[in-house]
Each structure stands twice: as structure tokens, then as C-alpha cells.
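Have a look at the structure below, then the notes.
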Protein chains: 2
Amino acid sequence: MTLKKSYELLENADPWACIASKLMLSIRVVSAIYRKHLKKHNVTMSQLSLLMVIGKHKFLPQNEIGKLLKLERSTVTRDLKRMIEKGYFIKKYDKTRPVIYITDKGADYVELIIPDWKAATEEAKSKLGTDGEQALNLVLNNLMR
Amino acid sequence: MTLKKSYELLENADPWACIASKLMLSIRVVSAIYRKHLKKHNVTMSQLSLLMVIGKHKFLPQNEIGKLLKLERSTVTRDLKRMIEKGYFIKKYDKTRPVIYITDKGADYVELIIPDWKAATEEAKSKLGTDGEQALNLVLNNLMR
DNA sequence: AAAACATAGTTGTATATGCAACATAAGGCG
DNA sequence: CGCCTTATGTTGCATATACAACTATGTTTT
């Protein structure tokens, strides 16, 4: 298979010079570590983030959740829907605005998960190294400013 | 809504101390930048990665693609399927093993996209800063070793 | 107050992703 | 060569995610 012509830009471009690709690669490696540890609880990192963030606050207005986790509105609606169906959250209303509360079942669940979450975090940190850990903080800080 | 008991671990845990969460947050910020620039081409970062990696090599055995991009076998099957349907790749066989070739249409397409990909990368870099850029490289290197 | 604009939630649609189970093929070994 | 193990590809299933369009609500401006 030979291509018709030469492709200047493609030939000179480096796929690995892409910021998004680097982050996607990184998250795939780290996700695999967390999945391994969280598997027994049948929970994903996205779900655990919701459990921990909402659990910390006891309750949060739905719109706040998206802002905190930088998730699109519709993603929040549906991620929460699944967790509500499982009984970890309940949705109440402040006038017309949904507010999401963690349930006892949800809080018990997080308590159970946290030790494995910590283990995963330790494994990720050991792979990252102290310098890598600080580097990641810097990346996040710069992106958030 | 008051929870029955106190939740020691949850109360003392910091959701933001999570390596996976930090990376997920980072990728959401960066993805948004790339999406904005790539929108006009109706292409996603995942698709562009395939186009650039396969395009650079002209062709790649399917199993190599997963290794390079750290994608699960089934993800590769399906991501490629969509791109093949659109005519950007073709699948040939070396004996029984699929080998993915970029088509002329695919190569033309990447040539068109690359300028906007570069612009996105520049915007992401400017948000990251030079230090952030180096930090990201360090993170990725440490995770890959 | 009415109109215009902005915010928020939901649903339809599409992509991306991983795991489990299955089928097939490849390699190594007795 | 035939058996065992491993690697690979596919398909079923579930989750995560974003955008567009629609609806409802809230806010600002005239």
C-alpha cells in the first residue's frame, strides 16, 4: 500500500508531542492501578469521586457537583442516576433545584472502599515517585489557574 | 438529612489526594481545549491519535496499536471499526493477523487537521506553562518506566 | 411587567473505554 | 505430531463522557 503523495505535515508531526495524548496515556496507566484495587468493591473511580466529594459535604446541590469535578451537566445527571438507583445517594429538591445527599448505605460503602482507595493511591504514588507526584500537582495547578 | 453514625475514614480522607482524580481533572481541562480546536473537523482526540500514529507508520499490525496507545484489545477493535467505516483506514491481513493501513482519504484528513491540532497544543502549552510542560513529561516518563 | 438573556436539568445521540466470555491462532514441549 | 498455554480479535454488556436541543427556571434590562 503506497500513498499517492507525500504528507508534509504528518511526516513532520510527532503524535507524542500532544499534551492530550500524554495525559490520556497517563490516566490509562493510573486508572488500571485503581481499577485493580477497587475491583472487589465493584466501583469505578468516577463513582468513587462522587461518593467522596458528596460524602465529605454530606450533600451538594447538583450544579455544584459538575463545577467541582468539571463534568458536563448531562454527565452529572446520568452518573448520579446510576448511583441513586443503587441507593448510595438520594435527590431532594431545594425549591426546584436538585440537591444530592449521601445515604447511610452510601457512607457505609465509602468507608469500606477507602482502605483500598488508599492502597491504590500508594501504589500510584510509588510508581510516580516523589518528583512525579509534585510534578502532577504542578500540572493540575497550572491547568486550573 | 443526618447520617446515623460518624464516618471516620471518609471524614479524614481527602478526595483531592487521589492521583487518578487529579489526572481525570487535568484531562478534562485539556480535552476541552482540543475539542474546541478540532470541532470543525468533526474529529476527537482518540481518533486523531489513531490517525497520527498509524499515519506516521503508514500501517501497523492491530495488536501494536493497542500496545502503543495502551488501549484494551476490544477498544482498539471498535475504535478502528468506526474509522474504517469512515474510510480513513483499511484492514488487510498478514496471514490471519489484521494490519491497519491509512488510506489516502485518511492521510488527507490528517493533513487538514494538523494545523488545528498544533494550535490546540499551543493553547494547552500556554495554559500549562513551560514548567508544567516539563512536569507532565516527568509524570509520563515515571509512569511508563 | 414584559422581553431578553442566562442558568440548570433532562433526554437523544454518538464516541470511548474496559471486562468477561468466546473463538481462533501461534508457539512450545513431550 | 498432538496437547497445553498464551496471544489476539470479536462481541455482549456496562459505564463514562460530551454536545445539541428542549424545557423550565431565574435574572436583568428596558
Side-chain angles (χ1 to χ4, degrees), chain A residues 20-21 23-51 60-86 88-89 91-100, chain B residues 20-21 23-51 60-86 88-89 91-100:
Chain A
S21 294
L23 279 167
M24 292 194 299
L25 240 37
S26 302
I27 190 66
R28 279 174 203 144
V29 173
V30 170
S31 285
I33 296 173
Y34 278 83
R35 271 199 308 274
K36 185 181 63 184
H37 287 270
L38 298 179
K39 191 185 169 80
K40 66 167 83 72
H41 301 292
N42 199 30
V43 74
T44 65
M45 262 313 304
S46 296
Q47 292 168 353
L48 185 54
S49 294
L50 286 173
L51 283 165
L60 274 177
Q62 182 169 323
N63 69 331
E64 289 295 318
I65 297 169
K67 282 176 190 161
L68 283 171
L69 299 179
K70 297 211 174 288
L71 289 172
E72 212 270 341
R73 300 196 301 280
S74 61
T75 302
V76 175
T77 298
R78 283 183 260 231
D79 288 359
L80 288 175
K81 182 162 164 287
R82 281 185 285 267
M83 301 295 278
I84 290 168
E85 280 164 1
K86 290 175 182 164
Y88 301 131
F89 299 131
K91 185 191 284 200
K92 302 192 168 197
Y93 286 87
D94 176 9
K95 302 243 171 74
T96 62
R97 284 305 163 71
V99 180
I100 311 299
Chain B
S21 295
L23 279 167
M24 290 193 301
L25 240 38
S26 302
I27 190 66
R28 279 173 204 144
V29 173
V30 170
S31 285
I33 296 172
Y34 278 83
R35 271 199 308 275
K36 185 181 63 183
H37 288 270
L38 298 180
K39 193 186 168 82
K40 66 168 80 74
H41 302 291
N42 199 32
V43 74
T44 66
M45 260 315 302
S46 296
Q47 293 167 353
L48 185 53
S49 293
L50 286 173
L51 285 164
L60 272 177
Q62 183 169 321
N63 69 329
E64 290 295 318
I65 296 169
K67 283 175 189 162
L68 283 171
L69 300 179
K70 297 213 173 287
L71 288 172
E72 212 270 340
R73 300 196 300 281
S74 60
T75 302
V76 175
T77 299
R78 282 183 262 233
D79 288 359
L80 287 175
K81 183 164 165 285
R82 280 185 285 267
M83 300 296 278
I84 290 168
E85 281 163 2
K86 289 175 182 165
Y88 302 131
F89 299 131
K91 185 192 284 199
K92 302 192 169 197
Y93 286 88
D94 176 9
K95 304 244 170 73
T96 63
R97 283 307 164 67
V99 180
I100 312 300

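Throughout, a chain's letter reflects where its sequence line sits, starting with A, and its residues are numbered from 1. Please read these numbers as outputs of a predicted model, since none were measured by experiment.
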Quiz item: Where along residues 61-74 of chain A does a heavy atom fall under 4.0 Å from DNA chain C?
Solution: Q62(A), N63(A), K67(A), R73(A), S74(A)
Exercise. For R82(A), report the nucleic acid contact type (base, sugar-phosphate, nothing); a contact means any heavy atom under 4.0 Å.
Key: base
Quiz item: Could you state the NZ-P distance from K36(B) to dA20(D), rounded to the nearest angstrom?
Solution: 14 Å
Exercise. Could you state the atom-to-atom distance from CE of M45(B) to P of dT17(D) in whole Å?
Key: 18 Å
Quiz item: Tell me: CG of N42(B) to P of dC19(D), nearest whole Å?
Solution: 13 Å
Quiz item: Rounded to whole angstroms, how far apart are NZ on K39(B) and C1' on dA20(D)?
Solution: 9 Å
Self-check item: Partner residues of K40(B) under the salt bridge (Lys or Arg N to Asp or Glu O under 4.0 Å) criterion, sequence neighbours left out
Solution: D116(B)
Self-check item: Global bending angle along the helix from dA1(C)-dT30(D) to dG30(C)-dC1(D), which compares the axes of five pairs at either end, to 10 degrees
Solution: 20°
Quiz item: With nearest nucleotides of DNA chain C determined for D79(B) and K95(B) from heavy-atom distances, which residue corresponds to the more 5′ nucleotide?
Solution: D79(B)
Exercise. Go through the structure and list residues passing ring-ring contact (aromatic ring centres under 6.0 Å, His included) with F89(A), not counting sequence neighbours.
Key: none
Quiz item: Quick one: how far along DNA chain C does chain B reach, first to last nucleotide 5' to 3', anything under 4.0 Å to a heavy atom?
Solution: dT15(C) to dA26(C)
Quiz prompt | 5'-most by nearest nucleotide on DNA chain D - R78(B) or Q47(A) | solution = R78(B)
Practice problem: Sequence neighbours left out, what passes side chain to side chain donor-acceptor pair (under 3.5 Å) with Y88(A)? Give chain and number order. | Solution: none
Exercise. Report yes if some heavy atom in the side chain of L51(B) is under 4.5 Å from a heavy atom in the side chain of V43(B); otherwise report no.
Key: yes
Exercise. Using side chain to side chain donor-acceptor pair (under 3.5 Å) as the criterion, list what pairs up with E72(B), not counting sequence neighbours.
Key: S74(B)
Self-check item: K36(B): partners by side chain to side chain donor-acceptor pair (under 3.5 Å), with sequence neighbours left out
Solution: E123(B)
Practice problem: Using side chain to side chain contact (heavy atoms under 4.5 Å, CB included) as the criterion, list what pairs up with T77(A), not counting sequence neighbours. | Solution: Q62(A)
Practice problem: Flag the pair R97(A) / P61(A) as yes when at least one side-chain heavy-atom distance between them is below 4.5 Å, and no otherwise. | Solution: no
Quiz prompt | Along DNA chain C (nearest heavy atom to each residue), the more 5'-positioned of T77(A) and R35(A) | solution = T77(A)
Practice problem: Check whether any side-chain N or O of K86(A) sits under 4.0 Å from OP1 or OP2 of dA14(D), and answer yes or no. | Solution: no
Output a table of donor-acceptor pairs, distance under 3.5 Å, between side-chain atoms of residues 26-33 of chain B and any protein atom two or more places apart or on a different chain; print 'none' if there are none.
| residue | atom | partner | partner atom | Å |
| --- | --- | --- | --- | --- |
| S26(B) | OG | K22(B) | O | 2.8 |
| R28(B) | NH1 | L69(A) | O | 2.8 |
| S31(B) | OG | I27(B) | O | 2.8 |

Quiz prompt | Nucleotide dA16(D), atom C1' - distance to CG of L50(A) in whole Å | solution = 11 Å
Exercise. Drop me the distance from I100(B)'s CD1 to M83(B)'s CE, to the nearest 0.5 angstrom.
Key: 11.5 Å
Quiz prompt | Residues which pass salt bridge (Lys or Arg N to Asp or Glu O under 4.0 Å) with R73(B), listed by chain and number, not counting sequence neighbours | solution = none
Quiz item: K81(B) has an atom NZ; how far is it from atom C1' of dG12(D), in whole Å?
Solution: 13 Å
Practice problem: Determine the contact category for T96(B): base if any of its heavy atoms lies under 4.0 Å from a base atom, sugar-phosphate if only primed atoms, P, OP1 or OP2 are that close, otherwise nothing. | Solution: sugar-phosphate
Quiz prompt | Which residue lies more 5' along DNA chain D, comparing S46(A) with A32(B) via nearest heavy atoms | solution = S46(A)
Self-check item: K81(A): partners by salt bridge (Lys or Arg N to Asp or Glu O under 4.0 Å), with sequence neighbours left out
Solution: E85(A)
Exercise. Specify the separation, in whole Å, of atom OH of Y34(B) and atom C1' of dA18(D).
Key: 18 Å
Self-check item: Between C1' of dT8(D) and CG of D94(B), the distance in whole Å
Solution: 14 Å
